[in-house]
Colleague: 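Questions regarding the structure given below will be posed in turn.
In the text below, chain A, chain B and the rest are named by the order of the sequence lines, each starting its count at 1.
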2 protein chains.
Amino acid sequence: MTDGAVAELAGAARPTLEEVARVAGVSRATVSRVINGSPRVSPDVLSVVERAIAELNYVPNRAARSLAARSTMSIALVVPEDAHRFFGDPYFADVVQGISERLDDSDYVLNLQLTHPSSPSEKTRRYLLGGNVDGALVVSHHSGDHFLASLGRSLPVVFGGRPLGEVANPGDYYIDVGNRAGALRGVEHLVTRGRRHIATITGPDDMPASVDRERGWRDALEAAGLEATRLERGDFTEAGGIRAALALVDRHPDLDAIFVASDLMASGALLALEERGLRVPEDVAVVGFDDSRYATRGRIGLTTVAQPAQEMGIVMADTLLRLLAGERPPHVTTLGTRLVERDSA
Amino acid sequence: MTDGAVAELAGAARPTLEEVARVAGVSRATVSRVINGSPRVSPDVLSVVERAIAELNYVPNRAARSLAARSTMSIALVVPEDAHRFFGDPYFADVVQGISERLDDSDYVLNLQLTHPSSPSEKTRRYLLGGNVDGALVVSHHSGDHFLASLGRSLPVVFGGRPLGEVANPGDYYIDVGNRAGALRGVEHLVTRGRRHIATITGPDDMPASVDRERGWRDALEAAGLEATRLERGDFTEAGGIRAALALVDRHPDLDAIFVASDLMASGALLALEERGLRVPEDVAVVGFDDSRYATRGRIGLTTVAQPAQEMGIVMADTLLRLLAGERPPHVTTLGTRLVERDSA
DNA sequence: TTGAAAGCGCTAACAT
DNA sequence: ATGTTAGCGCTTTCAA
């Protein structure tokens, strides 16, 4: 910061708490109490101090605060996905929107940490473990990363989505979506509509959401006495959906419905079906999952299992905030889904 | 932080600089010099200190550092767009990817500030002006916000995209894309291909990128002696592209080409054209802008003007970093575009 | 090249 | 209810 102009900007006459104290004619401790909303301040002193703060346009110095209070008032948003995956998926958009919304009501700020899915960079590790944030929010479809999985032992962390494996580290906090129940509901809908040869396009088998939705599909078929043999694995991309749907119709010409684990893949499936000259829903009914913008983007509206992505964000943030406030929020919160009927099934 | 477990986690035995100094048998000042890469440290002392740092697994406390050094080592990423717009646009994904990439090589971290497009919240204002960050990066298609427009006077700021209006605040730093030249090139391509009734679908007229691309379209038509009358304004969404294209073909049945100001809108236009039974490129040639994933998503590949979005992010971050380092980077950097030929024109 | 010492701006006991 | 007094962990003159 050797540049004069920049230095001047950066250091521009920001009043300190001490100056506020002087102007208000009180001690620094009192000003500090006012700032932190302590109840131990008399009304008149309060107003005098507030006036001084307004007059001087005082804004507390965050670094000093952090140092003295041993808390940074910031939260890391860890995204172990590459930017395209992250941004391309409307689900994340909603989650982040929700997080951002909830945090707006707090004094915490969000630090974005885009990190490589396979292994967070040294910088990220240092950052997270170096006391730069008070807590972390981890959003990703993936999981299984060693570092992140154990992050909860060194820092208050809330995961979006159930960690991989039947049980998470005991003590972990996570917000899950009723993926299995939602998928079950979606497939039931297909059954109700008279479909009998119901296939599924799943996501990668290393993602809990994917595994759970596949289970729901099986649950529903089993309950209906149908066989769960028509399965193709996708990768949560549109291209993957196209590929999987093509493989499915070629391998199982009798299929009359597909439950797809995400709207984006479903959107690809719709394209593939059209390509093969199959009508939706007449020949093949399709149910997606998400209720993202992809559900209404194509020629025909996608019937889909809606998951409350934005609420996921809100609840994640809320849970972490409660944790930081010393409360004991539930370790697992499961959010419900609902079926949104459109044209495809 | 009254919760025992949380408090313990947060305060877990992090060694201080002082302890490193003790272990290394030197003064705190020396350790500080080592940390900050000062040249005034003898090789042997350097290695002793480094060993101590490694041994203790020492990570400097950011707050203390900020307080003492009067710099926060963090940068705000201000996004005056609602989350959906932001995340839905692959352009932003690339920009953020670029920013994140460049920042990975630095000691700065990114603070995400999603703010309302029309007027940043009080919290955001306080945050930015309250000395919480050393500088800011503003990415948005919009501009014209008073607060953000004047932000550059209080803090080192780099804008992505040219600010609205012919000239920016003198002193502002921004990275622009050769939108006009790019559009010109795209339309020239159409002219070369023998098209004579070339329409355009623009973006909102309050976005510089949009205005510039429209200009480029006019430039090209004028240079070719063609008339620039077939224009429809879109909104940079796919639905908008559909709407605009429909309006265009209905109003100008003679049209034989459309230059669309974004791939997403072009993708909509392709849908609309198909809807009307027009073949692409035989009946109507289409050129988009961006070279985003939407360019290759549809049935037919989109010929488009590629803009270096990721580079935009890299250059933005780089410019801010240089500014913060006291250098004098150029106020305006214009990035080039190039035509990517696929099937649509 | 190294160390001593004085803060950076705030919070948090502890007194009063 | 308010003030006094120590720091929080680091950087940075200034001397040596």
Colleague: Ignoring backbone atoms, test whether B:Ser27 places a side-chain nitrogen or oxygen under 4.0 Å from the OP1 or OP2 oxygen of C:dG3.
Modeller: yes

Colleague: Would you check if the side chain of A:Arg14 reaches a backbone N or O of A:Asn57 as a donor-acceptor pair within less than 3.5 Å?
Modeller: no

Colleague: Give a yes or no on whether the backbone of A:Met73 and the side-chain of A:Asp134 come within a donor-acceptor separation of less than 3.5 Å.
Modeller: yes

Colleague: What pairs of donor and acceptor atoms, side-chain ones from residues 28-39 of chain B against any protein atom, are under 3.5 angstrom apart with sequence neighbours left out?
Modeller:
residue, atom, partner, partner atom, Å
B:Thr30, OG1, B:Ser27, OG, 3.2
B:Ser32, OG, B:Asn36, ND2, 3.4
B:Asn36, OD1, B:Arg65, NH2, 2.9
B:Asn36, ND2, B:Ser32, O, 2.8
B:Ser38, OG, B:Arg40, N, 3.0

Colleague: Base, backbone or nothing for each nucleotide of nucleotides 11-16 of chain C, written B, S, -, heavy atoms under 4.0 angstrom, 5' to 3'?
Modeller: BBB---

Colleague: Do other residues, nucleotides or ligands put more than 12 heavy atoms under 6.0 Å from B:Asp107 CG?
Modeller: no

Colleague: Any sub-3.5 Å donor-acceptor pair from A:Ser66's side-chain atoms to A:Ser71's backbone N or O?
Modeller: yes

Colleague: Donor-acceptor pairs under 3.5 angstrom involving side-chain atoms of residues 93-100 of chain B: please list them, not counting sequence neighbours.
Modeller:
residue, atom, partner, partner atom, Å
B:Asp94, OD1, A:His84, NE2, 2.9

Colleague: Closest heavy-atom contact between B:Ile75 and B:Tyr108?
Modeller: CG1-CD2, 3.8 Å

Colleague: Within a strict 4.5 Å, meaning less than it, do heavy atoms of the B:Val26 and B:Val45 side chains meet?
Modeller: yes

Colleague: By a strict heavy-atom criterion of less than 4.0 Å, which residues belonging to residues 39-54 of chain B are in contact with DNA chain D?
Modeller: none

Colleague: In whole angstrom, give the distance that lies between atom CG of A:Asn61 and atom P of C:dG9.
Modeller: 7 Å

Colleague: Can a side chain N or O of B:Thr30 be found less than 4.0 Å away from OP1 or OP2 on C:dT2?
Modeller: no

Colleague: Within a strict 4.5 Å, meaning less than it, do heavy atoms of the A:Val138 and A:Tyr174 side chains meet?
Modeller: no

Colleague: Run the side-chain donor-acceptor check on residues 314-325 of chain B: report pairs under 3.5 Å with partners two or more places apart or on a different chain.
Modeller:
residue, atom, partner, partner atom, Å
B:Asp318, OD1, B:Arg102, NE, 2.8
B:Asp318, OD1, B:Arg102, NH2, 3.1
B:Thr319, OG1, B:Val315, O, 2.7
B:Arg322, NE, B:Glu327, OE1, 3.0

Colleague: Need two values: the first and the last nucleotide of DNA chain D, 5' to 3', having an atom under 4.0 Å from any heavy-atom of chain B.
Modeller: D:dG9 to D:dT13

